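In this text the structure is predicted, and so the values were computed from the model without any measurement.
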Amino acid sequence: MNGTELFLQKKLSQRDSQGLLRKLDHADIHATDFSSNDYLGLARSEGLFQHICESTNNLAIKWNGSTGSRLLSGNSRYTEETEQHLAGIFRSDAALIFNSGYAANLAVLSSLPQRNDTIIYDDLAHACMKDGARLSLARRMSFRHNDLSDLESKIKRSSGNIFIAVESVYSMDGDECPLHELTALAEKYNANIILDEAHSTGVRGDHGSGLAVSLGLHKNILARIYTFGKAMGVHGACVAGSDLIKQYLINFARPFIYTTAMPPHAIVSIRCAFDYLQQHIELQQDLEGKIRLYLQHISGLSNRTDSVSSIQTFFFAGNENSKMTAQKLRNHGFDVRAILSPTVPAGSERLRICLHAFNTHEQILDLTRLLKELSSHNSND
């Protein structure tokens, strides 16, 4: 091994000795899914699959790939029509499609804020928001999770244009951003909000339009990022905002300019997913019912976050403790994953439980019963 390879091996060995080595794994198709982000079951929906196939055939799409970036050969009239359709759903003037939510957040946060501006992001904001902030020339600060008093103190220390980066529903704790209070605070200081709607897309609002639209606050937000690989069951993302924002991103966002466009089939899938959800909007109510059932039978336990979303968590401090607890659940046929440090701060390791519209009452009741048992054993140890 040369010097570089020895360094890489040392870093991997250190992580392995700490029990933190990440490895690729296959989903257990025989286990009950309480881990995926497929909240509405659209990723596995035969009805949506058939709709996508039929639409692809009806549109006579015969190209496998897009052939280039959208600024070269990868754009199409259908892609632009799909963006107009998405803008209607998200009640924005315009929408711009990206290959993933990660790329969309990276694009917005790395290109909109300029030198001498300030980005303030929630402590629990997704890694892509933090990475985008790092790529920006702006000053950056974090504020304590959902703590608007701490946020205001940071705003008062800010310079230039101020950008506040938050999520509608947080991916690790499952709690919501206090959007009413946040928009009022941003208006007070003339700050701009960048809102990642990844975990509310599809499950909240008319036609899956997300948290901001459901609260009537979408006009108070500079840019909203919607992802389609979670509840919508397909792939890709878009930024919703003004046409000015869209044209700026087309000209200055490197993750848009320098990447191959999504293939035609993927664009059709996005359009079909929202059409399918509109025809089966009862899936939202089905999911809400499953969440209420879960919360009803898990009440009284203190080692969990206060969440009313699809994302529920149970704290089992320590990486080994969390991994062992997740394995016990898998031994009972439940696919639940442990979230370990450094993904979450040391001491806040947990099980991340995702509820779905397709989970049965019996499955949820069995899971809550077992969680109570494991929590009781953990507290007695």
Side-chain angles (χ1 to χ4, degrees), residues 101-102 104-200 204 210-212 215 217-227 239-241 245 304-309 311 313 315 339 341-350 352:
Y102 197 106
N105 273 302
L106 207 67
V108 170
L109 280 154
S110 65
S111 67
L112 293 186
Q114 302 298 301
R115 192 185 300 274
N116 300 323
D117 290 341
T118 306
I119 301 170
I120 314 174
Y121 57 85
D122 190 289
D123 267 341
L124 297 188
H126 193 271
C128 59
M129 302 192 93
K130 297 175 182 178
D131 288 351
R134 290 190 186 99
L135 289 173
S136 169
L137 297 176
R139 180 189 183 195
R140 63 183 190 273
M141 295 184 283
S142 66
F143 68 96
R144 289 190 297 271
H145 177 54
N146 276 349
D147 187 334
L148 299 189
S149 176
D150 187 44
L151 171 59
E152 186 169 17
S153 72
K154 301 294 173 59
I155 292 175
K156 291 177 179 178
R157 292 160 44 194
S158 299
S159 59
N161 294 314
I162 301 168
F163 298 85
I164 303 170
V166 293
E167 297 184 45
S168 56
V169 176
Y170 284 87
S171 59
M172 287 295 105
D173 283 16
D175 55 345
E176 290 185 1
C177 170
L179 207 52
H180 278 292
E181 296 85 353
L182 178 64
T183 52
L185 183 64
E187 184 177 0
K188 177 180 177 181
Y189 290 97
N190 195 30
N192 305 284
I193 298 174
I194 297 170
L195 179 66
D196 183 358
E197 295 261 21
H199 293 277
S200 66
R204 295 290 297 272
L211 180 65
L215 298 177
L217 297 172
H218 48 286
K219 293 183 179 179
N220 302 81
I221 297 168
L222 178 69
R224 289 169 279 142
I225 294 88
Y226 293 89
T227 61
V239 175
I245 294 290
R304 62 185 185 88
T305 52
D306 185 18
S307 166
V308 295
S309 75
I311 303 167
T313 58
F315 294 104
I339 307 297
S341 62
T343 300
V344 292
S348 67
E349 297 85 1
R350 80 277 304 269
R352 181 177 184 268

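- Among residues at least two apart or in separate chains, salt bridge (Lys or Arg N to Asp or Glu O under 4.0 Å) pairs with a member in residues 177-190 are Glu152-Lys188.
- Checked against side chain to side chain donor-acceptor pair (under 3.5 Å), Thr343 has the following partners two or more places apart in sequence or in another chain: Arg22.
- The salt bridge (Lys or Arg N to Asp or Glu O under 4.0 Å) pairs that include a residue from residues 104-114 number zero, where partners must be two or more places apart or lie in different chains.
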Q | CA sep, side-chain torsions, deciding dist, call: Ile194, Ile119, side-chain contact (heavy atoms from CB on, under 4.5 Å) | A | CA-CA 10 Å; Ile194 297 170; Ile119 301 170; over 6 Å; no
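- Under the 3.5 Å distance criterion, the side-chain polar atoms of Ser200 are left unmatched by any main-chain donor or acceptor of Val169.
- Annotation for Cys177 and Asn146: closest pair CA-OD1, 3.8 Å, computed over non-hydrogen atoms.
- The main-chain N or O of Gly160 is never found under 3.5 Å from a side-chain atom of Arg139 such that the two would form a donor-acceptor pair.
- Minimum interatomic distance between Cys128 and Gly101 (heavy atoms only, all atoms of both residues): SG-O, 4.4 Å.
- Looking only at side-chain heavy atoms (C-beta outward), Val166 and Phe143 come within less than 4.5 Å of each other.
- Listed by first and then second residue, the salt bridge (Lys or Arg N to Asp or Glu O under 4.0 Å) pairs that reach into residues 159-175 are Asp173-Arg350, sequence neighbours excluded.
- With sequence neighbours excluded, the residues forming a side-chain contact (heavy atoms from CB on, under 4.5 Å) with Leu215 are Leu179, His180, Leu211, Leu217, listed by chain and number.
- By the salt bridge (charged side-chain N to carboxylate O under 4.0 Å, His left out) test, Lys130 is found to be paired with no residue, residues two or more places apart in sequence or in another chain being considered.
- With sequence neighbours excluded, the residues forming a side chain to side chain donor-acceptor pair (under 3.5 Å) with Asp147 are Arg144, listed by chain and number.
- For residues 106-141, no residue pair satisfies the ring-ring contact (aromatic ring centres under 6.0 Å, His included) rule, not counting sequence neighbours.
- The minimum heavy-atom distance linking Asp196 with Asn105 is given by the pair OD2-ND2, 3.2 Å.
- In this structure the side chain of Ile193 reaches within 4.5 angstrom of the side chain of Thr183, judged on heavy atoms.
- Residue pairs that meet the ring-ring contact (aromatic ring centres under 6.0 Å, His included) test with at least one member in residues 146-168, sequence neighbours left out, do not exist here.
- Counting non-hydrogen atoms of other residues, nucleotides and ligands closer than 6.0 Å to CG of Asp123 gives a total above 12.
- For Tyr170, the side chain to side chain donor-acceptor pair (under 3.5 Å) partners two or more places apart in sequence, or in a different chain, are Asp122.
- Taking the side chain as every heavy atom from C-beta outward, Asp131 and Tyr102 approach each other to under 4.5 Å.
- His199 and Ile311 get closest at one heavy-atom pair: ND1-CD1, 3.6 Å.
- Every side chain to side chain donor-acceptor pair (under 3.5 Å) that Thr305 has, sequence neighbours left out, goes to Thr313.
- Taking Glu176 as the reference, Arg204 meet the salt bridge (charged side-chain N to carboxylate O under 4.0 Å, His left out) condition, with sequence neighbours excluded.
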Q: Test side-chain contact (heavy atoms from CB on, under 4.5 Å) on Leu112 and Asn192 and set out the steps.
A: CA-CA 10 Å; Leu112 293 186; Asn192 305 284; over 6 Å; no
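- Side-chain contact between Leu135 and Leu109 is absent, with no heavy-atom pair separated by less than 4.5 Å.
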Q: Apply side-chain contact (heavy atoms from CB on, under 4.5 Å) to Leu182 and Leu151, showing your working.
A: CA-CA 9 Å; Leu182 178 64; Leu151 171 59; 3.4 Å; yes
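- Using modelled atom types, no side-chain atom of Thr118 and backbone atom of Ser158 make a donor-acceptor pair closer than 3.5 Å.
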